[in-house]
Every structure is written in C-alpha cells, then in structure tokens.
Amino acid sequence: MKRFRVSIRALSILATIAMVVLVLPLILTAFYNRPILDDLVQPYPAAAAYRQTGSIIQAFGAAIGETVRIWHAYSGIFSSMFVSVFAPFIVNYTYSFIHPILLTIFTIIAVYQAAKCLHLVNKEIPTAYLWLITMVVSIMLLTTMPSVYEGFYWYSAAMNYTFFFMFSLLLFSCLIKSIHDQPQKHGRRIWSHIIYCVCFFILGGANWMTSTYSIVVYGFLAIWILLRNKPKTYLLPMLFLVMGYLLAIAAPGNTARQAVVGERLPLIETFLTSFRYAFTYCARNWQYYLISLLLVPVFFHLKRFIPKLPKYLLLTPLCSICILAAAYFPLVYSAYSITDRHVNIIFFLFSILLVINEAVLVFWIAEFIPKLLPKKDDCFFPGVLLAVAVVTLSMLGFYRTSISLSPLDVNCNYAPALATIHLVKGYSKNYAGSYDHLVHKLQTTEEDVMIVDTFMSSPLFGTPDLQLDPASWINEGFVKFHTDKDILLTQPRNLRDRQPY
C-alpha cells in the first residue's frame with residue numbers, strides 16, 4: 001500500500017499545477033479586456049492629463065485632484081477611489097490586462113502570508129503544508145467568485161473591492177506576525193509601526209464594506225492584545241484605521257450620494273438585518289463549501305504540529321458571523337442595492353473565515369479522537385483522486401455543465417471553463433475587435449454624430465452599454481476617454497436592428 005501514497009509536498013506541486021491550469025485561461029482572456037462604464041469616467045482626468053503632457057507625474061497629480069473632487073461631491077471612500085482614478089489604461093486603453101495579472105499575484109501573496117501565520121503556532125510546520133493551503137484557497141477565491149466580471153476584469157470594481165480585500169488580508173496577516181515576533185531593534189519597531197499606521201489609514205478609506213469589517217477584526221485583535229499582554233503600541237494602527245474611516249464618513253459627497261440612494265435605515269434594524277444576511281449567506285451558498293472540503297485531510301495531517309487549542313478559539317464561529325455581518329452593515333444601513341461586486345466581497349470574506357473555522361473544527365475533533373491523526377506526511381493517493389473527482393463533478397453540476405458529442409460542444413459557467421470556451425471559439429477576440437473598431441472610427445471620423453449599429457456584450461467582460469441618448473454619461477464618457485473630438489455617439493432607434501458580436 002506504500003506505493004499508493006503521496007507526500008504533502010507532491011500534493012502541493014499538483015495543487016500548483018491545478019492553479020496554473022485553472023487561472024491561465026482567465027489571464028489569457030484578460031488580454032482582450034477593455035475599459036467600460038466607470039473605467040472610462042473616473043480615470044478620465046488622469047487620462048486627459050497624460051494625453052496632453054505625456055507625463056505620469058502630471059497624471060498622478062490629476063488623479064489626486066479628481067479624488068479630492070469626488071470626496072467633496074460624490075463619495076467619501078478616498079483610497080479605493082484614488083486607485084480607481086489612477087488606472088494603468090490611462091496610458092493606453094488596451095492595458096486592461098495588467099490588473100487581472102497583478103490581482104492574481106497579489107491574491108497568492110496575501111493568502112500565503114495568511115497561511116504563514118501557522119508558523120506562529122509551530123515553526124516546524126513544513127512549508128509544503130502552507131503552500132498547499134495557499135493554492136487550494138487561491139483556487140477558491142479566483143475561480144469561484146460570484147462575478148468574475150466585476151471581481152476580476154472590470155477595473156473599477158476589481159480594484160475597489162477585490163484588491164482592497166486582499167490588501168486587508170495581507171495587512172492583518174503581517175500585523176499578527178509582527179505582534180507575535182516583535183522586532184528586537186528599536187528603530188525597526190518604529191518604522192514598522194509607521195508603516196502599519198499609514199497602511200491602516202489607507203484601509204480606513206477603502207470601500208465601506210472592507211473598512212467596516214476591518215474595524216471589527218481589529219477590535220477582536222485589540223482584545224487579544226490586551227488579554228495576552230502584547231505591546232499596547234500595536235493598538236495605534238487601529239486608531240489610524242478609525243481616523244481614515246471617519247474621514248471617509250465626513251465627506252460632503254456622501255450626502256449627495258445618499259440623496260440618490262434613499263433614506264437610511266434605523267441602526268437597530270440595520271444591526272439585526274446584517275446578522276440575518278450573514279446567517280442566510282452561510283446557509284444557502286453550499287457550493288462554496290466544496291473546494292474547502294479538500295483541506296479537511298490536510299488539517300488532520302497538520303494537527304500533529306498543533307498544540308492543544310486554547311478555549312477562546314471555540315468563539316471563532318461567533319466572531320466570524322460578526323465579521324460577515326459587519327461587511328453587510330454599511331450596505332443595509334444606507335439602503336444601497338447589493339450588487340455582484342458587493343457579493344464578491346462577502347464571498348472572499350466567507351471563504352477565508354470558512355477555512356479558519358474548518359481548521360479549528362478539525363483540530364478540535366482530532367484532540368478528542370486522536371486515532372484519526374495520520375502518522376506521516378502522506379496521503380492515500382486513490383483517496384485523493386476520488387475526493388478531487390467528487391468535488392469536480394459537484395462543481396461542474398452546479399455550474400450547469402453540458403457536453404454534446406455530435407457535434408462536439410461544451411457549455412459551462414465555471415469561470416476558467418467559460419474563459420477557455422470563449423478563447424477557443426473566438427468570442428473574446430471578437431469582443432475586443434468590435435471595441436477596437438469602434439474606437440478607431442471615433443478617432444478617425446469627420447462626422448459630428450455616429451450611430452453604432454452593433455453592440456458588444458460578454459459574460460466575462462460585461463458590456464459598454466451604450467445608450468440611445470447620446471447625452472447619457474455612458475456615451476459621453478466613452479467618447480471623451482477615447483478622443484478629444486465633440487462627437488455624439490448613439491444607438492439605432494430600432495433596437496431590433498442591433499446585431500450582437
């Protein structure tokens with residue numbers, strides 16, 4: 001039976017290969033991505049500055065000015081708004097492939113730093129365990145997010161939400177390690193505190209969901225610092241987190257935005273509704289548990305490196321629900337519609353908390369039933385293949401996979417599969433070609449009015465959603481971003497004449 005066993009290190013290599021295979025279609029598809037909607041409106045001042053001067057520094061200054069203007073007139077979330085305004089494609093609109101690549105790398109780094117927190121429990125834990133956990137969790141986050149369009153390709157949503165979630169995960173992971181392994185040199189401690197204060201201030205000005213749950217997470221961390229007699233100076237970054245949050249709340253632009261959204265709900269009703277949403281999400285979204293189940297045997301193997309759990313870890317599920325409810329709180333309080341980008345944040349947060357709760361549960365069970373603990377760092381390979389096959393088939397079933405042999409055709413809504421299908425059939429290339437053709441016409445036409453008789457739409461990239469009214473912000477934003485000409489862009493009045501690409 002020994003020859004049918006596989007080491008944790010080998011499994012981590014296989015998981016890395018699976019990660020590359022699944023994410024590569026998403027990355028290749030990104031080269032056909034193009035800016036749409038807010039991606040054309042928010043970065044326009046920076047793009048115009050770069051077009052006029054050719055200077056990134058001038059564009060950076062214009063981005064700061066636009067962020068301040070938005071803070072005064074539209075929204076208080078200043079740090080994530082600046083990231084939205086200072087976009088890579090202000091240099092060239094075809095550079096929309098950059099942020100999906102950076103998000104992928106940043107996700108892996110953030111998850112790995114979170115997994116390395118296990119070294120605080122026992123430094124003897126092999127790195128292969130940490131890397132295996134990192135790969136499985138990264139596959140969860142990148143390939144099963146509810147909306148790959150809003151969480152990965154659409155720059156404004158991806159940077160406002162996906163990026164800042166990963167930023168919070170990385171920041172808290174590094175902070176926890178710093179608290180545990182306090183720098184010995186006085187100068188190094190001072191500089192680490194300064195960096196944390198700046199970073200948490202930036203986090204406080206991120207999207208409302210991330211900043212709100214970050215305050216709750218830091219609140220739990222503050223209790224731990226006080227109870228375990230850790231240096232009280234590590235409470236200082238929390239003050240800067242709250243300061244950034246208050247600066248975002250104090251923005252005059254929030255009043256104008258709330259006037260469009262509607263009346264706020266009472267605080268008590270918001271509090272209870274947020275918890276109801278959190279419980280409902282955990283109960284209904286069973287599909288997000290599937291991939292995490294592959295980590296159960298990994299945690300049983302890992303338990304032999306983990307000492308007896310402190311009793312306060314039994315509160316992990318309760319704390320997790322509080323954190324999820326905190327993410328819902330600002331949306332419920334402002335009566336703001338919960339869109340796909342908001343659901344993505346809930347999903348990211350839920351996935352990380354799920355893995356943490358799963359690990360605590362497995363470690364707790366293993367303490368009561370020690371016979372379940374494996375003695376070596378290897379697994380029964382046929383069992384691994386069976387588990388992966390069951391999870392894969394369940395995932396394909398959920399994502400409505402169908403295969404036709406005559407003629408050969410595959411349909412699947414799972415993001416890597418959908419991206420692969422669109423690459424093979426040329427749908428993504430056609431989308432980019434239609435977009436580029438429209439931009440070329442705008443930049444070369446001598447007409448004052450252009451009627452666009454085709455429309456572009458993709459389940460991966462979304463749609464520019466050009467309107468019949470040439471004065472709509474969508475049409476005007478599209479024209480202004482791509483040309484300095486005064487052109488009215490409109491759709492044909494008979495919508496039945498529109499032919500999809």
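As the structure is a prediction and not an experimental result, all values here were calculated from the model.
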Original post:
Hey, is the main chain of L120 close enough, under 3.5 Å, to the side chain of K116 for a donor-acceptor pair?
Top reply: no
Original post:
Considering residues, nucleotides and ligands other than K232, do more than 12 of their heavy atoms fall under 6.0 Å from its NZ?
Top reply: yes
Original post:
What residue among L130, L295, I125 forms side chain to side chain contact (heavy atoms under 4.5 Å, CB included) with L302?
Top reply: I125
**OP:** Apply the test side-chain contact (heavy atoms from CB on, under 4.5 Å) to residues V217 and L221: give CA-CA distance (whole Å), side-chain angles for both, the deciding distance (0.1 Å), then the verdict.
**Re:** CA-CA 6 Å; V217 172; L221 187 59; 5.6 Å; no
Subject >> From H180 atom NE2 to H119 atom NE2, the distance as rounded to the nearest 0.5 Å >> reply: 12.0 Å
Original post:
Is the side chain of N411 donor-acceptor paired with the backbone N or O of S402 at a distance under 3.5 Å, no angle test?
Top reply: no
Original post:
Side chain of T162, backbone of G151: donor and acceptor closer than 3.5 Å?
Top reply: yes
Subject >> Y161 side chain to T210 side chain, donor-acceptor N/O pair below 3.5 angstrom >> reply: no
Subject >> Polar contact flag, side-chain donor to acceptor under 3.5 angstrom, H193-T233 >> reply: yes
Subject >> L267 atom CG, neighbour heavy-atom count above 12 within 6.0 Å >> reply: yes
Original post:
Distance only, no hydrogens: is a donor on one side chain within 3.5 Å (strictly under) of an acceptor on the other, for Y213 and S168?
Top reply: yes
Subject >> Centroid separation Y431 to F461 less than 6.0 Å >> reply: yes
**OP:** Identify the heavy atoms of N344 and E150 that sit nearest to each other, and give their distance.
**Re:** ND2-C, 3.9 Å
**OP:** Verify, without hydrogens or angle tests, whether T270 (side chain) and F329 (backbone) share a donor-acceptor contact under 3.5 angstrom.
**Re:** no
**OP:** Indicate yes or no for a side-chain donor-acceptor contact from E367 to the backbone of L309 under 3.5 Å, with no hydrogens or angles considered.
**Re:** yes
Original post:
Hey, is CH2 on W224 packed in by over 12 heavy atoms from elsewhere, all under 6.0 Å?
Top reply: yes
Subject >> F164 vs M159, side-chain contact (heavy atoms from CB on, under 4.5 Å): CA-CA, chis, key distance, verdict >> reply: CA-CA 7 Å; F164 273 97; M159 299 307 291; 5.9 Å; no
Original post:
How long is the span from the CD1 atom in I108 to the OG1 atom in T134, to the nearest 0.5 Å?
Top reply: 9.0 Å
**OP:** Among Y333, Y277, F279, F350, find the one that has a ring-ring contact (aromatic ring centres under 6.0 Å, His included) with Y328.
**Re:** Y277
**OP:** Could you grab the distance from atom OG1 of T29 to atom CG of L24, nearest 0.5 Å is fine?
**Re:** 9.0 Å
Original post:
Taking the inter-plane angle between the rings of F78 and F201 on a 0 to 90° scale, is it parallel (under 30°), tilted (30 to 60°) or perpendicular (over 60°)?
Top reply: tilted
Original post:
Rounded to the nearest 0.5 Å, how far apart are CG of N229 and CD1 of I225?
Top reply: 11.5 Å
Subject >> Note, I352 side chain near F165 side chain (heavy atom, < 4.5 Å) >> reply: yes
Original post:
Between N33 (side chain) and S96 (backbone), is there a donor-acceptor pair under 3.5 Å?
Top reply: yes
Subject >> Minimum-distance pair of heavy atoms, taken over all atoms of L314 and P317 >> reply: O-CD, 3.4 Å
**OP:** Find out whether R34 and D39 are in side-chain contact, i.e. whether some heavy atom of one side chain is under 4.5 Å from a heavy atom of the other.
**Re:** no
Original post:
What heavy-atom pair brings I90 and A46 nearest, and what distance separates the two atoms?
Top reply: CD1-CB, 4.0 Å
Original post:
If you measure only the distance, is there a donor-acceptor pair under 3.5 Å linking the side chains of S173 and Y112?
Top reply: no
Original post:
By ring pair (Phe, Tyr, Trp, His ring centres under 6.0 Å), which residues pair with Y155, not counting sequence neighbours?
Top reply: F89, H99
Original post:
Do S156 and Q42 get their side chains close enough for a donor-acceptor pair, meaning under 3.5 Å?
Top reply: yes
Original post:
Does F220 reach the side chain of I323, with side-chain heavy atoms less than 4.5 Å apart?
Top reply: yes
Original post:
Do I133 and L118 touch side chain to side chain, with heavy atoms closer than 4.5 Å?
Top reply: yes
Subject >> Ring center gap for F368 and W364 short of 6.0 angstrom >> reply: yes
Original post:
So how far is it from M145 CE to S351 OG, rounded to the nearest 0.5 Å?
Top reply: 10.0 Å
Subject >> S84 and N160 side chains, donor-acceptor separation under 3.5 Å >> reply: yes
**OP:** Step through it carefully: locate the ring centre of Y129, locate the ring centre of H301, and say whether they are under 6.0 Å apart.
**Re:** no
**OP:** Without swapping roles, check the side chain of N475 against the backbone of Q467 for a donor-acceptor pair under 3.5 Å.
**Re:** yes
Original post:
For the residue pair Y95 and F97, does the interplanar ring angle fall in the parallel (under 30°), tilted (30 to 60°) or perpendicular (over 60°) class?
Top reply: perpendicular
Original post:
If you measure only the distance, is there a donor-acceptor pair under 3.5 Å linking the side chains of S472 and D469?
Top reply: no
Subject >> Steps toward side-chain contact (heavy atoms from CB on, under 4.5 Å) verdict (T107, V111) >> reply: CA-CA 6 Å; T107 297; V111 174; 4.3 Å; yes
Original post:
Considering only heavy atoms from C-beta outward, does the side chain of C197 approach that of L236 to under 4.5 Å?
Top reply: yes
Original post:
Within the distance-only criterion (no hydrogens, no angle test), does the side chain of S12 pair as donor or acceptor with the backbone N or O of L132 below 3.5 angstrom?
Top reply: no
Original post:
What class does the angle between the rings of Y281 and Y288 fall in, given that below 30° is parallel, 30 to 60° is tilted and above 60° is perpendicular?
Top reply: parallel
**OP:** State, with a plain yes or no, whether a side-chain heavy atom of Y414 is found less than 4.5 Å away from one of P416.
**Re:** yes
**OP:** Answer whether the closest heavy-atom distance between the side chains of Y289 and C282 falls below 4.5 Å.
**Re:** yes
Original post:
For the atom pair SG (C199) and CZ (F172), what is the distance rounded to the nearest 0.5 Å?
Top reply: 11.5 Å
**OP:** Taking all non-hydrogen atoms of both residues into account, name the closest pair between S428 and L460 and its distance.
**Re:** OG-CD1, 4.3 Å
**OP:** Considering non-hydrogen atoms only, spot the tightest contact between I346 and A327 and give its length.
**Re:** CD1-CB, 3.6 Å
Original post:
Does any N or O in the side chain of T212 come within less than 3.5 Å of the main-chain N or O of M209, such that one atom is a donor and the other an acceptor?
Top reply: no
Subject >> Heavy-atom side-chain contact between F60 and F82 under 4.5 Å >> reply: yes
Original post:
What's the shortest heavy-atom distance between F86 and A59, and which atoms?
Top reply: CE1-C, 3.9 Å
**OP:** Look only at the side chain of W71 and the backbone of L247, and say whether a donor-acceptor pair between them is shorter than 3.5 Å.
**Re:** yes
**OP:** Could you go through the side-chain contact (heavy atoms from CB on, under 4.5 Å) check for I36 and D465 one step at a time?
**Re:** CA-CA 8 Å; I36 59 174; D465 199 25; over 6 Å; no
Original post:
With a 3.5 Å cut-off and no angle check, do the side chains of N207 and S80 form a donor-acceptor pair?
Top reply: no
